[in-house]
Amino acid sequence: MSEATKILVTGGAGYIGSHLVVALAEQGFDPVILDDFSNSRPQIRDRLQRILGRELQVVAGDVNDRHTLHALFAGSDFAAVAHLAGRKAVAESARQPLSYYRANVGGTLALCEAMAEFGVRHLLFSSSATVYGESAAMPLREDAPLRATNPYGRSKLMVEQMLADLAVAQRPADKLWRIAALRYFNPVGAHPSGEIGEDPLGEPENLAPYIAQVAVGRRQRLRVFGNQYPTADGTGVRDYIHVMDLVEGHVAALRYLLSEGGAGYFVWNLGTGCGASVLEVIAAFERASGRPVPYVIDAPRPGDVASCWADPRRAQRDLGWRARRTLDEMMRDVWRWQAAHPGGLGS
Ligand code: UDP
């Protein structure tokens, strides 16, 4: 019997990483997690093993640590790496730029050096729609102008540029790098089992986990950041995508990289192509949960854009993938997870 294809998932204990591990395992790959647990919890391993009904290899370590990487690559034959480890809080990145560049840029550099040394040349990178400039017209195509407005976004953009350089710097004798940057829009929702979901440490920055924590009484009320934007109801519009659709997009991209082909650097938006306002998200959550979500209108959050949604056609065309789940399904799954585990993974 042939062994399943091993995929290293950095950040595999986190929100998106843990869902990606499930999708990979369910599609016949053998995911191995590397995570430093700086923004995730060790309990995730039991939850994942319960969903998958089998043991998982989980390595606690930092992607910036050469010794950890060497031991990992020397011990396993990885066909590819999905690199999701990184820091992601926009406001924090403005306060601690060096630690963001160290983690996100330095971490990717260390990872790529180790991959080069061990001959692993297939890489999925977790990028973000924040790399698009503010003035770009909606929907955002991959060739829209790029201009991030905070250190977090710039760290993603720098990594994209570094990876693009790497993919074209081939010497004929080299094995070929095939690299994909996946630009996430707004991932929400949870695995339908309710066993795993988004579990931010501390106060949530993002809308869906905040709403869910209000609904279970962990927070008093939501603050809606601005209601005077040039949108239909005045609140910010985003392209929310179910995390299961998002990770299925990763698996499609991985299959594309692993299929025959020359060197390449690919960029794909992972979004639905539809925008929803903050008030629409609240209403969908209330429908799904049957609970009211008290909110107040507050000042706009600095740096927020009015609207942001994807043109997802390139991924449809190249990968045969598209997001299928509705906003109501996203909120239903957020609620199933939060209601079963009001305190998150620790509960
Ligand atoms: N938002 C809000 N209250 C919150 C968190 C977010 O009104 O407590 C709004 C935010 O202004 C934006 C939308 O919800 O319009 C999505 O914000 P999130 O931080 O989840 O994603 P991002 O801004 O990174 O797209």
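For this chain, numbers begin at 1 and follow the sequence in order. Since we're looking at a predicted model, the values are computed, not measured.
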Polar contact flag, side-chain donor to acceptor under 3.5 angstrom, Glu92-Tyr100: yes
If you measure from OH on Tyr15 to CG on Leu20, what distance do you get to the nearest 0.5 Å? 12.5 Å
Residues passing the side chain to side chain donor-acceptor pair (under 3.5 Å) test with Gln338, sequence neighbours excluded, are none
Any Gln220 side-chain heavy atom under 4.5 Å of Val214 side chain: no
Side chains of Pro31 and Val22: does their closest heavy-atom pair fall under 4.5 Å? no
Can you get from Val247 to Ile33 by hopping between Ile, Leu, Val, Met, Phe, Trp and Tyr side chains that sit under 4.5 Å apart? yes
Side-chain heavy atoms of Pro192 within contact of Arg336, under 4.5 Å: yes
Heavy-atom closest pair (Ala110 atom, Leu69 atom, distance to 0.1 Å) is O-CD1, 3.6 Å
Chi angles and distances behind the salt bridge (Lys or Arg N to Asp or Glu O under 4.0 Å) call for Arg41, Asp199: CA-CA 9 Å; Arg41 297 176 210 262; Asp199 183 24; 2.6 Å; yes
Could you give me the CA-CA distance, side-chain angles and deciding distance for Gln316 and Arg322, then say whether side chain to side chain donor-acceptor pair (under 3.5 Å) is met? CA-CA 6 Å; Gln316 275 173 32; Arg322 66 184 179 83; 5.7 Å; no
Beyond-backbone contact of Asp35 with Ser40, side-chain heavy atoms, under 4.5 angstrom: yes
Are any non-hydrogen side-chain atoms of Arg87 and Arg102 less than 4.5 angstrom apart? no
So His191 and His19, would you call those rings parallel, tilted or perpendicular, with 30° and 60° as cut-offs? tilted
Nearest 0.5 Å, what's the CD1-OH distance between Ile211 and Tyr295? 10.5 Å
Using a 3.5 Å distance criterion without hydrogens, assess whether the side chain of Asn150 forms a donor-acceptor pair with backbone atoms of Tyr152. yes
Is the backbone N or O of Pro342 less than 3.5 Å from a side-chain atom of Arg218, with the two atoms forming a donor-acceptor pair by type? yes
Check for me whether the distance between the ring centres of His122 and Phe78 falls short of 6.0 Å. no
According to side chain to side chain donor-acceptor pair (under 3.5 Å), who are the partners of Glu113, at least two apart in sequence or on a separate chain? Arg66
CG/Asp298: more than 12 non-hydrogen atoms of other groups inside 6.0 Å: yes
To the nearest 0.5 Å, what is the distance between OG1 on Thr235 and CD on Gln228? 11.0 Å
Membership question, hydrophobic clusters at under 4.5 Å side-chain separation (ILVMFWY): are Leu258 and Tyr265 in the same one? no
List the steps, then state whether side chain to side chain contact (heavy atoms under 4.5 Å, CB included) holds for Leu222 with Ile282. CA-CA 10 Å; Leu222 174 75; Ile282 295 172; 3.6 Å; yes
Can you list every pair that meets ring pair (Phe, Tyr, Trp, His ring centres under 6.0 Å) and has a residue in residues 204-259, with sequence neighbours left out? Tyr184-His250, Tyr256-Phe266, Tyr256-Trp268
Please lay out, stage by stage, how Arg147 and Thr149 fare under the test side chain to side chain contact (heavy atoms under 4.5 Å, CB included). CA-CA 6 Å; Arg147 189 177 65 84; Thr149 55; 4.3 Å; yes
Can you check whether Asp245's main-chain N or O pairs, donor with acceptor, with Arg324's side chain at less than 3.5 Å? no
d(Ile7 CD1, Ser76 OG) to nearest 0.5 Å is 11.5 Å
SG of Cys274 to CZ of Arg238: how many Å apart, nearest 0.5 Å? 15.5 Å
Separation between CD1 (Ile179) and CG (Leu257), nearest 0.5 Å, reads 9.0 Å
Worked verdict on Glu195 versus Arg50 for salt bridge (Lys or Arg N to Asp or Glu O under 4.0 Å): CA-CA 8 Å; Glu195 289 287 343; Arg50 208 180 302 167; 3.1 Å; yes
Any chance you could lay out the side chain to side chain contact (heavy atoms under 4.5 Å, CB included) test for Leu140 and Asp311, step after step, and finish with the verdict? CA-CA 5 Å; Leu140 291 161; Asp311 180 336; 5.9 Å; no
Between Tyr132 and Arg183, do the side chains contain a donor N or O and an acceptor N or O under 3.5 Å apart? yes
Do Val81 and Leu124 sit in one hydrophobic cluster, given that two such residues count as connected whenever their side-chain heavy atoms are within less than 4.5 Å of each other, even indirectly? no
May I ask you to test the Arg301-Arg223 pair for a side-chain heavy-atom distance under 4.5 Å? no
Can you find a heavy atom in the side chain of His83 that is under 4.5 Å from one in the side chain of Val159? no
Smallest heavy-atom separation, Glu160 atom then Ser127 atom, equals OE2-OG, 2.6 Å
Given 3.5 Å as the limit, does a donor-acceptor pair link the side chain of Trp337 with the main chain of Glu198, or not? yes
Could you go through Trp309 and Phe185, starting from their C-alpha distance and side-chain angles, then the distance that decides it, and tell me whether this counts as ring-ring contact (aromatic ring centres under 6.0 Å, His included)? CA-CA 7 Å; Trp309 70 92; Phe185 282 70; 9.8 Å; no
So, the side chain of Gln49 versus the backbone of Leu56: is there a donor-acceptor pair under 3.5 Å, distance only? yes
Taking it one step at a time, do Leu24 and Leu254 satisfy side chain to side chain contact (heavy atoms under 4.5 Å, CB included)? CA-CA 10 Å; Leu24 286 168; Leu254 178 68; 3.7 Å; yes
Any donor-acceptor pair under 3.5 Å linking the side chain of Thr231 with the backbone of Val237? no
Of all heavy-atom pairs between Pro187 and Ile16, which one has the smallest distance, and what is that distance? CG-CD1, 3.7 Å
Is Val9 reachable from Leu34 through a run of hydrophobic residues whose side-chain heavy atoms are each under 4.5 Å from the next? no
Consider only side-chain N and O atoms of Thr326 and Asp328, and report whether a donor and an acceptor are under 3.5 Å apart. no
Decide yes or no for Arg141 and Arg314: does some side-chain heavy atom of the first lie under 4.5 Å from some side-chain heavy atom of the second? no
Grab the two heavy atoms, one from Lys156 and one from Ser128, that are nearest each other, plus how far apart they are. CG-CB, 4.4 Å
Would Phe29 end up clustered with Val243 when hydrophobic side chains under 4.5 Å apart are linked, directly or stepwise? yes
Tell me the closest heavy-atom pair linking Leu201 and Ser38, and the distance in Å. CD1-O, 3.8 Å
Indicate the atoms forming the closest heavy-atom contact of Val251 with Ala23, along with that distance. CG2-CB, 4.0 Å
I'd like to know if the side chain of Gln43 pairs up with that of Arg47 as donor and acceptor (distance under 3.5 Å, no hydrogens or angles considered). no
Do Asp239 side-chain atoms and Thr272 backbone N/O form a donor-acceptor pair below 3.5 Å? yes
